[in-house]
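Worksheet: one structure, shown below.
Quick note: residue numbers are just sequence positions, from 1.
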Amino acid sequence: MIVDLALVIPVYHCAGRLQRTLGELERFLEHSPVPCEVILVDDRGTDPTAGSLLQDFARRPDVRLLCNDRNRGKGYSVRRGMLETTAALRIFTDADLAYPLDEVWRIAAALHRGADVAIATRVHAESRYHLDAGYLTYRYTRYAMSRAFNGMVRLALLPGLTDTQAGLKGYTARAAEDVFSRVGIGGFGFDLECLYLARQLDLRVDQVPVRFQYDDEPSTVRYLRDAVTMAGDLGRIRWRAWTGKYQLSPACHTSGASSSTRTILVSREA
C-alpha cells in the first residue's frame, strides 16, 4: 500500500489505556485526509492482554504490527518503525496519546512547508497544557526539572532547541533514512541523538507549538533516574561523534549553532 504519512507508535506499558488508544487511532485513520498507515511496535511489555489487542487491531489494512524479540527500549522501537515504512512523511508519538492525534497534522504541515524535521515544543507561548487539578505539582516540580535538563542539553549538545524530549516528532522520508540509519541509543536518550544527527547533517528543524494532555505523573525517583540516564547518553553521543561512529562525511560536520532551527506557528486549521 502506498501511503503519504506513517504514524509510528511504540507500545510498552499502557497501564490499561491501550483500548482507548486503539479507538482513537481507528478514528484517526478513518478521518485521515491522505493515505495513512499506523505502525505499532510491540516492545514486549508485561500486560498479558496487550498482544491480543494489538493483533486484532492490526487486521486493518492500514495498520502494521511489528513485534520486538524482547524489550528493546523506546529508541529501538521508534527507529524500527521509522525505517520500516516507505511513507513520504514519518511521524512518531507515544502510546498514551498525550498529544491529541489532530496535532499530528501540525507536524505534517511543518514538513510540507519545507522542514526536514518537525518537533513539538511544549514551552512555546502558543502551546497549551490540559492538566487535571491533581497533577498541578507537575507544573511546579517536574516542569522545573525538565527545564533544568533542557538547559543542560542546549548548553552541551543542542543550542536553540527548547523541548528535545517532547514525544511528538516528524521527519521527511529522506531525513528519517539519514538520521535513523545512524542512531545507536535504544532508550529515551535516542531523541537527543536523532536531533544531534539532524544538526550534523544540516537538516532544517522546525519547532511547532502544540496542545498537550497531561494525565499521568511519573514519580520523582523515576524522573530523576531517567534524567541521569539521559545525561549519560549526552556523553555517549559526544563520544560517538568524536570517534567517528556516525560515519558522517566532512561536509556534514556542521556546528550545532549554525544549523537551521526555527520555531513556527501553525494555525488551528493546519
Give, for atom [atom1] of [X] and atom [atom2] of [Y], the distance between the pair rounded to the nearest 0.5 Å.
X	Y	atom1	atom2	result
Met82	Phe92	CE	CZ	6.0 Å
Asp42	Leu65	CG	CG	6.0 Å
Asp62	Leu7	CG	CG	11.5 Å
Glu37	Asp4	CD	CG	10.5 Å
Leu195	Gln165	CG	CD	8.0 Å
Ile91	Leu111	CD1	CG	6.0 Å

So which atom in [X] and which in [Y] form the shortest heavy-atom distance, rounded to 0.1 Å?
X	Y	answer
Ile9	Asp94	CG2-C, 4.1 Å
Arg236	Gly184	NH2-O, 4.2 Å
Leu40	Leu25	CD2-CD1, 4.0 Å
Arg211	Pro100	O-CD, 3.5 Å
Cys194	Val183	SG-CG2, 3.6 Å
Cys36	Val3	C-CG1, 4.0 Å

Test of understanding: clusters of I, L, V, M, F, W, Y form through side-chain heavy atoms closer than 4.5 Å, transitively. Do [X] and [Y] belong to the same one?
X	Y	value
Val8	Tyr76	no
Val104	Val208	yes
Tyr12	Val38	no
Val63	Leu53	yes

Query raised in the report: Do the ring planes of Tyr246 and Tyr196 sit parallel (below 30°), tilted (30 to 60°) or perpendicular (above 60°)?
Result: tilted

Query raised in the report: Using the ring of each side chain (for Trp, its six-membered ring), is Tyr171 parallel, tilted or perpendicular to Phe180, with breaks at 30° and 60°?
Result: perpendicular

For the pair [X] (side chain) and [Y] (backbone), establish whether a donor and an acceptor sit closer than 3.5 Å, ignoring hydrogens and angles.
X	Y	value
Thr93	Gly167	yes
Asp43	Asn71	no
Asp163	Arg122	yes
Arg44	Asn68	yes
Asp96	Ala98	yes
Arg204	Ala118	no
Arg240	Lys245	no
Gln207	Gly160	yes
Lys169	Thr164	yes
Ser77	Val41	no

Do [X] and [Y] touch side chain to side chain, with heavy atoms closer than 4.5 Å?
X	Y	result
Ile119	Asp191	no
Arg199	Pro159	yes
Arg64	Thr85	yes

Charged N to carboxylate O under 4.0 angstrom, [X] versus [Y]?
X	Y	answer
Glu26	Arg60	yes
Glu24	Arg17	no
Arg174	Asp116	yes

Query raised in the report: Should we count CD of Glu177 as having more than 12 external heavy atoms under 6.0 Å?
Result: yes

**Report entry** Worked verdict on Leu89 versus His112 for side-chain contact (heavy atoms from CB on, under 4.5 Å)
**Finding:** CA-CA 9 Å; Leu89 304 183; His112 276 301; 3.5 Å; yes

